[in-house]
J.: 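Next up is a structure, given as structure tokens.
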Amino acid sequence: MKIRYRIALSFFLTMMMMVKANAQVAAPKPYGALPSERQLRWHETEIYSLIHYTPAVFQNEERGYGDADPNIFNPTDFDALQIAKAAKAGGIRGIIYVTKHHDGFAMWPTKTSPYSVKASSWKGGKGDVVKEFQLATQKTGLKLGIYCSPWDRNNLNYGTDAYITDYRNQLKELYTNYGELFLSWHDGANGGDGYYGGRNEVRKVDPATYYRWPETWETLTRKLQPNAAIFSDAGPDVRWVGNEDGYAPETAWATITHKSDDGRPSMPGFTNTKNLGSGDRNGIRWIPFECDVPLRHGWFYHSEEDSTVKSTDKLFDMYCSSVGRGGCLDLGLAPNKEGKLHRNDVDTLAKFGKLIKAVFAKNLANGAKITLSSVRGGDAKAYGTENLIDRDRYSYWATDDGIHQGIAELNFRNPVTFSLIRLRENIKLGQRLDSVRVDTYNDGKWIQIAKATSIGACRLIQLHKAEIADRLRIRVYAPVAITLSDIGLFLEPKFTVSN
């Protein structure tokens, strides 16, 4: 009996130990406003392009008046696939096509207006630019989004309820005939002078009430394209950063509490821009920012601007100041009259794509022995060091609930040279980190080389010079448990390895 008792007790204790070993420590509770699934997919896109290709190209204008002869749109060799391939070579993951700009000319054969490609001589009136971009994105694996301007300088009914019906029907056609969209893009184009069916007058609307955006988004966008994020000046899913320079402020939170001067809701074209760039620490809504900027001087193609294509260094700097501050970069592309991207644009995109690949090809942190100041519940498998270098945005190092500061120390067998630091949070649990400090160990003491706030989905810290170190310390601070997802150390090609 004693033997059986001992065997049973041993088996029981073994089972208890196995249960304890397999029982994962509970995850930290979410903190503050959280991203939706569509917002998570948007964050992961990082770079996309807004493509302006309408009759304005053939008029050499940035804004058509609405009176152009439809036959003016007649590209000699339109090639959506060439544009999509060039975009993909540049590291771009999505295309937003301007399906209708302010001139009101629809780039698809809409039933809502005679002013569209079906009235042009291009392809005998049988063409559909939106469809060609849909097919090109499918072939290249890019995502597709659309922008349909709410301002229509051609429509006789603009400014009346009848136009709202027309506009919503246009969105409905775009939402139902061109596959799944990743983004529905809207801006504050809210009236002014125009053709308006030959009236040639100025029409103004109240942007806070005229378009009835909440109703439009709820009854159309959310219903017909549930996976599409909605961009406008103020959200609801993605906000404007407040400039068209491609840069976000040094501190830029994904959360925001909208501030309206007179208490009315923030709408496209009627938004207090004071906190659009910075956002708000502990803002009540998760509405991350987009940094939009044209690759050239303007959004539309102009031959005299062929020399204004931004350099790869400039693009990378903007990448670090947009994607690298927790948002996305929206890079405007401008096809020419022929219907393709100019060789200068294609070459720059190719070089930029190669630069991005070269910079992030090797994470030097993978070669480090990482020591953490504490691990949540002692569960190294669920919350330990491997989660910081595994390429999974949502696996993470976590501390216990009562520990709001942490240190990750990286020790290298041989010194490494780096010029760029990447940090990410697991944003499924909110934007938790207030700040970070980065130190290297030299001459027997720790020396701070960088600091940052508002980490969020991605934080890239560019150093003024390449650093050489065999010991690195990252100190993180938050009002709740730490949930750091990624540590990356990279060397930009412009710096030479001297160790």
J.: Tell me if a side-chain donor or acceptor on Asn190 pairs with a main-chain N or O of Asp206 at a distance below 3.5 Å.
T.: no

J.: If you measure from the Lys or Arg side-chain nitrogens to the Asp or Glu carboxylate oxygens, is any gap between Glu492 and Lys465 under 4.0 Å?
T.: no

J.: Assess whether a salt bridge exists between Lys143 and Glu44, defined as any Lys/Arg side-chain N lying under 4.0 Å from an Asp/Glu carboxylate O.
T.: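 Salt bridge absent between Lys143 and Glu44.
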
J.: I'd like to know whether Leu295 forms a side chain to side chain contact (heavy atoms under 4.5 Å, CB included) with Leu349, so could you lay out the CA-CA distance, the side-chain angles of the two residues, the decisive distance to 0.1 Å, and finally the verdict.
T.: CA-CA 9 Å; Leu295 178 61; Leu349 287 171; 4.3 Å; yes

J.: Would Tyr383 and Tyr396 satisfy ring-ring contact (aromatic ring centres under 6.0 Å, His included), going step by step from the backbone distance to the final call?
T.: CA-CA 6 Å; Tyr383 304 111; Tyr396 56 101; 5.6 Å; yes

J.: Can you name the nearest heavy-atom pair linking Ala452 to Ile461, along with the distance?
T.: CB-CD1, 3.8 Å

J.: Using the test side chain to side chain donor-acceptor pair (under 3.5 Å), find all partners of Gln134 that sit at least two apart in sequence or belong to another chain.
T.: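 Gln134: side chain to side chain donor-acceptor pair (under 3.5 Å) contacts with Lys131.
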
J.: Looking only at the side chains, is there a donor atom on one of Arg325 and Ser454 sitting less than 3.5 Å from an acceptor on the other?
T.: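 Ser454 and Arg325 do not have a side-chain donor-acceptor pair below 3.5 Å.
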
J.: Say whether Thr110 and Gln170, considering side chains only, have a donor N or O and an acceptor N or O under 3.5 Å apart.
T.: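 There is no such pair (donor and acceptor under 3.5 Å, judged by atom type) between the side chains of Thr110 and Gln170.
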
J.: So which atom in Trp217 and which in Ser232 form the shortest heavy-atom distance, rounded to 0.1 Å?
T.: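 Answer, listing the atom of Trp217 first, then Ser232: CH2-OG, 3.7 Å.
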
J.: Could you go step by step and tell me if Phe182 and Tyr48 meet the ring-ring contact (aromatic ring centres under 6.0 Å, His included) rule?
T.: CA-CA 10 Å; Phe182 86 100; Tyr48 47 86; 5.5 Å; yes

J.: Going by atom types only, do Ser311 and Asp313 share a side-chain donor-acceptor pair under 3.5 Å?
T.: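 No.
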
J.: Could you tell me if Asp152 and Tyr167 have a donor-acceptor pair between their side chains, going purely by distance under 3.5 Å?
T.: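 No, no side-chain donor-acceptor pair sits under 3.5 Å.
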
J.: Could you check Trp185, Trp240, Trp42 and say which one makes a side chain to side chain donor-acceptor pair (under 3.5 Å) with Glu290?
T.: Trp185

J.: Describe, in one word, how the ring planes of Trp286 and His43 are oriented to each other, choosing from parallel (under 30°), tilted (30 to 60°) and perpendicular (over 60°).
T.: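 Ring orientation, 0 to 90° scale: perpendicular.
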
J.: Answer with yes or no whether the side chains of Thr453 and Thr251 bring together a donor and an acceptor at under 3.5 Å.
T.: yes

J.: Is there a donor-acceptor contact under 3.5 Å linking the side chains of Gln225 and Arg38?
T.: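 No, no side-chain donor-acceptor pair sits under 3.5 Å.
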
J.: Can you tell me which residue pairs pass the salt bridge (charged side-chain N to carboxylate O under 4.0 Å, His left out) test with a partner in residues 384-412, sequence neighbours excluded?
T.: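 Sorted result for residues 384-412: Glu46-Arg393, Arg376-Asp401, Glu409-Arg471.
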
J.: Fit a plane to each ring of Trp299 and His52, take the angle between them on a 0 to 90° scale, and name the class: parallel (under 30°), tilted (30 to 60°) or perpendicular (over 60°).
T.: tilted

J.: Is it the case that the side chain of Thr399 and the backbone of Val375 share a donor-acceptor pair, with hydrogens and angles ignored and the cut-off at 3.5 Å?
T.: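 Such a contact is absent between Thr399 side chain and Val375 backbone.
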
J.: Kindly indicate, with the supporting measurements, whether the criterion side chain to side chain contact (heavy atoms under 4.5 Å, CB included) is fulfilled by Gln431 and Glu425.
T.: CA-CA 7 Å; Gln431 190 165 18; Glu425 294 186 66; 3.7 Å; yes

J.: Only pairs at least two apart or in different chains count here, so list each side-chain hydrogen bond (donor to acceptor under 3.5 Å, both in side chains) that has a residue in residues 357-371.
T.: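 Checked against side-chain hydrogen bond (donor to acceptor under 3.5 Å, both in side chains) - neighbours excluded - no pair reaches residues 357-371.
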
J.: Before accepting this row, confirm whether a basic side-chain N of the pair Arg222/Asp237 lies closer than 4.0 Å to the acidic partner's carboxylate O.
T.: yes

